[in-house]
> 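Below you'll find the structure I mean.
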Amino acid sequence: GTAGTSATTASVTLTTGRLYFIYVTMRRGDSTDVAAPTSVVRGAQAFTIIDATNGLNLTDTSSSSRRGAWMGYCIPASDTTGTIVITFAASKTNIQWVVVEITSGFDSGTPILQTQKMADEDGTGTSSTLTFGSGMASDSIVIAGYNDGSAGTMGPGTGYTELVEVAGDPATAVAHNASPDTTFDFSYTLGEQVGAIAVEVK
């Protein structure tokens, strides 16, 4: 978690031909709506934000805050080691991130078949479900990023394995399912504004 117009990760190694996802979440401490990062780069290697308009824009009316989340990906053409820099056009109060590596087994030409999102801004309940709009290929997998506006504990539903969870505002996590599951559900202990972005990986 960090504040400002940009955030810098710890050093990572991006290996040629592997598939990397980055799930970025942020919070503004005012009532200004959020927008996708202007760039997410590791040296000369840029991450493509998956449908920038398909990010989450969660509004917290009780404290005049705005929260957002986006998913990006890249397949490096050459090895590169160093920090990833996430840049926004305007200052943020908090920025969090998770980076996931898929080493093999994906379609390098068309790695992503579909993307879906969900958001629940009413701050009640203890679980939410995201449903893809169409069926999946029999050999697809699912990568899902999810978040909670509070710093509570989260967990994915049956069939999904949580890879990492980062405490903060919003709390940020990524899970995966090695099977083509058309729904992603997750639970949370505090349940302020919550949301998720999931992708079908070919």
> Taking atom CD of E200 and atom CD1 of I141, what is their separation to the nearest 0.5 Å?
10.0 Å

> Rounded to the nearest 0.5 Å, what separation is found between the CG atom of L56 and the CG atom of D120?
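Reported value, rounded in 0.5 Å steps: 11.5 Å.
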
> Is the side chain of R28 donor-acceptor paired with the backbone N or O of S91 at a distance under 3.5 Å, no angle test?
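Side chain of R28 to backbone of S91, a donor-acceptor pair under 3.5 Å: yes, one is there.
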
> Is any side-chain heavy atom of Q193 closer than 4.5 Å to a side-chain heavy atom of R67?
yes

> When clusters are formed by joining ILVMFWY residues with side-chain heavy atoms under 4.5 Å apart, either directly or through shared neighbours, do I95 and V41 land in the same one?
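Different clusters: I95 never reaches V41 through Ile, Leu, Val, Met, Phe, Trp or Tyr contacts under 4.5 Å.
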
> Distance check, rounded to the nearest 0.5 Å: S128 atom OG versus D185 atom CG?
9.5 Å

> If you define the side chain from C-beta out and look only at heavy atoms, does anything of W97 sit under 4.5 Å from V174?
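Contact flag for W97/V174 side chains = no.
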
> For a quick test of reading the model, state the closest non-hydrogen atom pair linking D169 to G149 and the distance between them.
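For D169 versus G149, the nearest heavy atoms are OD1-O, 2.8 Å.
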
> With side chain to side chain donor-acceptor pair (under 3.5 Å) as the criterion, how do T172 and T25 come out once you've worked through the C-alpha distance, each side chain's angles and the decisive distance to 0.1 Å?
CA-CA 7 Å; T172 302; T25 62; 2.7 Å; yes

> Please list every donor-acceptor pair under 3.5 Å in which a side-chain atom of residues 78-87 meets a protein atom from a residue at least two apart or in another chain.
from: D79; atom 1: OD1; to: T16; atom 2: N; distance (Å): 2.7
from: D79; atom 1: OD1; to: T16; atom 2: OG1; distance (Å): 2.7
from: T80; atom 1: OG1; to: R42; atom 2: NE; distance (Å): 2.9
from: T80; atom 1: OG1; to: R42; atom 2: NH2; distance (Å): 3.3
from: T81; atom 1: OG1; to: T13; atom 2: OG1; distance (Å): 3.0

> Residues in side-chain contact (heavy atoms from CB on, under 4.5 Å) with N177, at least two apart?
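If we apply the side-chain contact (heavy atoms from CB on, under 4.5 Å) test to N177, skipping adjacent residues, the hits are V142, Y160, S179, D181.
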
> Please identify each residue that fulfils side-chain contact (heavy atoms from CB on, under 4.5 Å) with I112, with sequence neighbours left out.
F21, I50, Y73, T115, V199

> Looking only at non-hydrogen atoms, find the nearest pair between L14 and Q45 and report the distance.
CD1-CG, 4.2 Å

> Using side-chain heavy atoms (C-beta onward) and a distance below 4.5 Å, is C74 in contact with P76?
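Yes, side chains in contact.
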
> If you look at every heavy atom in A69 and N147, which pair is closest and at what distance?
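Reported closest heavy-atom pair: CB-OD1, 3.7 Å.
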
> Show every salt bridge (Lys or Arg N to Asp or Glu O under 4.0 Å) that has at least one partner inside residues 4-16, sequence neighbours left out.
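Every candidate salt bridge (Lys or Arg N to Asp or Glu O under 4.0 Å) pair involving residues 4-16 fails, so no pair, neighbours aside, qualifies.
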
> Identify every side-chain donor-acceptor pair in residues 131-139 under 3.5 Å, counting partners at least two apart or on other chains, and give the distances.
from: S134; atom 1: OG; to: Q114; atom 2: OE1; distance (Å): 3.4

> Are the side chains of L113 and S140 in touch, meaning some heavy atoms are under 4.5 Å apart?
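Result yes, sub-4.5 Å side-chain heavy-atom pair found.
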
> Quick check against the 3.5 Å criterion: does E165 have a side-chain atom that pairs as donor or acceptor with the backbone of M154?
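Yes: the side chain of E165 pairs with the backbone of M154.
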
> Under the ring-ring contact (aromatic ring centres under 6.0 Å, His included) test, which residues partner F186, sequence neighbours left out?
Y146, F184, Y188

> CH2/W70 to CD1/I49 distance, rounded to the nearest 0.5 angstrom?
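Separation between the atoms: 8.5 Å.
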
> Ignoring hydrogens, what is the shortest heavy-atom contact between L19 and P111? Give both atom names and the distance.
CD2-CB, 4.2 Å

> Report the distance from atom NZ of K92 to atom CE of M26, rounding to the nearest 0.5 Å.
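These two atoms lie 4.0 Å from each other.
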
> Could you tell me which residues satisfy salt bridge (charged side-chain N to carboxylate O under 4.0 Å, His left out) with E162, sequence neighbours excluded, listed by chain and number?
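Expected list: none.
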
> Report yes if some heavy atom in the side chain of L163 is under 4.5 Å from a heavy atom in the side chain of V100; otherwise report no.
yes

> Go through I22 and V40 one step at a time and tell me if the side chain to side chain contact (heavy atoms under 4.5 Å, CB included) criterion holds.
CA-CA 9 Å; I22 187 166; V40 181; 3.9 Å; yes

> What distance do I75 atom CD1 and D107 atom CG have between them, rounded to the nearest 0.5 Å?
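I75 CD1 to D107 CG: 8.5 Å, rounded to 0.5 Å.
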
> Using the ring-ring contact (aromatic ring centres under 6.0 Å, His included) criterion, which residues pair with Y20? Sequence neighbours excluded.
none

